[in-house]
Each structure stands twice: as structure tokens, then as C-alpha cells.
Amino acid sequence: VRNNARNIGRILTLQEQYDEALPWMDRAVAVGMNRATAEDPALEGMRSHRPWILFRLGRREEALQAVTTAVSALEGMKQPNDGYALAFSRVLRARILVGMGHPDQAEPPLRAALVWFERWGRDHPSYADAECELGRARMVQGAVAEGKAAFERCLPIYRAWGQADREIIESIERLLADSK
């Protein structure tokens with residue numbers, strides 16, 4: 001049930017229906033809390049999805065606090081599953097940091113996520129997601145050539161991914177257009 005609720009929340013988020021997505025993500029977290037073990041990476045992973053919705057609803061500080069809490073919980077786990085929840089949560093936290101004007105703080109978690117995602121190969125969409133976010137962080141900080149090089153490699157992979165965030169793609173395209 002919690003995975004279904006999370007998936008509906010994710011689908012609605014990708015459709016930019018944030019007001020409708022939030023109750024589904026809340027439901028997923030609530031169900032997860034009812035059956036959570038002492039360490040539940042899947043629950044914390046769901047908790048890290050929720051802040052992106054909050055961010056899109058304009059609740060930026062609340063979003064940053066919530067995703068930071070989820071990442072910290074995952075980092076503190078003795079057995080964080082296979083590490084995917086932590087790597088993905090780090091990307092979401094970094095995305096919020098970049099969106100709030102703190103791209104320098106986004107780099108360390110993105111680099112850590114890239115190290116983990118590298119096991120799947122640099123052509124994997126999750127790797128491309130993290131790499132594109134690092135490219136955004138670098139470009140916002142003025143490292144235009146480095147950002148462009150990252151986008152050249154990762155953007156085609158990310159753009160083709162069914163879970164790609166349209167607003168992130170548009171943000172990247174604006175950065176590229178503004179750098180010409």
C-alpha cells in the first residue's frame with residue numbers, strides 16, 4: 001500500500017499536480033510509519049520525496065528541513081539497504097539547495113550520489129539525474145564550461161527518462177540559453 005501511494009504521489013508530482021501529490025505522499029509515509037522497523041530506508045526514501053513537493057508548493061524552508069532530516073536518518077543507519085534511497089535522497093536535497101541559491105552546499109551530496117550511482121554505469125538515468133544536477137550547481141556558481149560539459153553528456157539521458165522532471169529540464173535549457 002505504501003509503495004502504491006508513493007508511486008501515485010510521484011506520478012502526480014511529475015505531472016506537476018503538487019496539491020494532489022502531497023496527500024498521497026503523506027499517506028505513503030503514514031503507512032510506512034505504522035509498519036516501520038527500527039531502520040527503514042524505504043520509509044526515509046519516501047520522506048525525501050515529500051520535500052520536493054513542498055518545495056514546488058513554495059514551502060522551501062520546510063522542504064529543506066524535511067529532506068535534510070531524511071538524509072541524516074539514512075546516513076545514520078547501520079544497514080541503509082543497498083544505498084539507493086540515500087543516493088536518491090542526496091540528489092533531492094541538492095536540488096532543493098540549488099533552488100534555494102546554495103549550489104556550493106549541493107556539490108558534496110551530489111558527488112557522493114554519483115559515486116554510488118556509478119555502479120550502474122554513467123548511462124543510467126539515475127546517474128544522469130545526479131550529473132545534471134551537479135551541472136546546474138556548477139553553472140549557477142559560474143563554472144559555465146564545466147556545467148555545459150556535464151549537460152552535453154547527461155541531458156540526453158535524463159531527458160529521455162520517464163521520471164525526468166520537466167521543470168529541471170527547462171531550468172537546464174534556460175542556463176544553456178543564458179550562457180550563449
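Numbering of residues begins at 1 and proceeds along the displayed sequence.
The pair R56-D19 fails the salt-bridge criterion, with no side-chain N (NZ, NE, NH1 or NH2) lying under 4.0 Å from an Asp/Glu carboxylate O. Ion pairing between a basic and an acidic side chain is recognised when a charged N comes within 4.0 Å of a carboxylate O; R138 and E133 show no such pairing. Ion pair D123/R153 flagged as a salt bridge, since at least one NZ, NE, NH1 or NH2 atom sits closer than 4.0 Å to an Asp/Glu carboxylate oxygen. A salt bridge links R90 to E75: one of the charged nitrogens lies within less than 4.0 Å of a carboxylate oxygen. Under the 4.0 Å criterion applied to side-chain N and carboxylate O atoms, E152 and K148 are not assigned as salt-bridge partners.
Side-chain contact check for E20 and Q15: no donor-acceptor pair (N or O, by modelled atom type) lies under 3.5 Å. A donor atom on one side chain and an acceptor atom on the other are not found under 3.5 Å apart for N7 and W24. A donor atom on one side chain and an acceptor atom on the other are found under 3.5 Å apart for T68 and R93.
E131 and L114 get closest at one heavy-atom pair: N-CD2, 3.6 Å. The heavy-atom pair separating S48 from L92 by the smallest distance is O-CD1, 3.2 Å. The shortest non-hydrogen separation linking P109 to A94 is CG-CB, 4.4 Å. When all heavy atoms are compared, the tightest approach of V67 to S89 is CG2-O, 4.0 Å. For the pair F151 and R136, the tightest heavy-atom approach, listed with the atom from each and the gap, is CZ-N, 3.3 Å. The minimum heavy-atom distance between A87 and A113, with the atom names listed, is O-CB, 3.5 Å.
Side-chain heavy atoms closer than 4.5 Å link hydrophobic residues (I, L, V, M, F, W, Y) into clusters, and following such links, even through other members, never connects L12 to W52. Clustering ILVMFWY residues whenever any of their side-chain heavy atoms sit less than 4.5 angstrom apart, transitively, puts V140 in the very cluster that holds I96. If you chain together hydrophobic residues whose side chains sit under 4.5 Å apart, F88 and F55 fall into the same group. When hydrophobic clusters are built by joining Ile, Leu, Val, Met, Phe, Trp and Tyr residues whose side-chain heavy atoms come closer than 4.5 Å, directly or via intermediates, L134 is grouped together with I169. Clustering ILVMFWY residues whenever any of their side-chain heavy atoms sit less than 4.5 angstrom apart, transitively, puts L54 in a cluster other than the one holding I8.
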- Could you walk me through whether S171 and E167 pass the side-chain hydrogen bond (donor to acceptor under 3.5 Å, both in side chains) check? CA-CA 6 Å; S171 170; E167 290 184 39; over 6 Å; no

- Task: Could you please spell out the steps behind the side chain to side chain contact (heavy atoms under 4.5 Å, CB included) verdict for L97 and D104?
- Result: CA-CA 9 Å; L97 285 165; D104 56 320; over 6 Å; no

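In this structure, CD1 in I53 is found 8.0 Å from CG in D26, a value given to the nearest 0.5 Å. Interatomic distance, CD1 of I157 versus CZ of R122, reported as 10.5 Å (0.5 Å rounding). Note that CD1 of I168 and CD of E173 are 11.5 Å apart. Values are rounded to the nearest 0.5 Å. With rounding to the nearest 0.5 angstrom, the CG atom of L43 is 9.0 Å from the CG atom of L74. Residue H49 holds its NE2 atom at 9.0 Å from OG1 of T13, rounded to the nearest 0.5 Å.
In this structure, R59 and L22 have side chains that are in contact, with non-hydrogen atoms separated by less than 4.5 Å. The shortest side-chain heavy-atom distance between E61 and M100 falls under the 4.5 Å cut-off. Put simply, the side chain of M77 reaches to within 4.5 Å of the side chain of E44, judged on heavy atoms. For the pair V91 and F117, the minimum side-chain heavy-atom distance is below 4.5 Å. Contact annotation: the side chain of V98 never approaches that of Q105 to less than 4.5 Å [non-hydrogen atoms, C-beta and beyond]. Within the 4.5 Å cutoff, the side chain of W116 has no heavy atoms near those of the S126 side chain. The shortest side-chain heavy-atom distance between R10 and M25 falls under the 4.5 Å cut-off. For the pair E107 and Q141, the minimum side-chain heavy-atom distance is below 4.5 Å.
Every pair passing disulfide bond (SG atoms under 2.5 Å apart) that includes a residue from residues 104-180 is listed here, sequence neighbours excluded: C132-C154.
Taking the centre of each ring, Y84 and W120 come in below the 6.0 Å mark.
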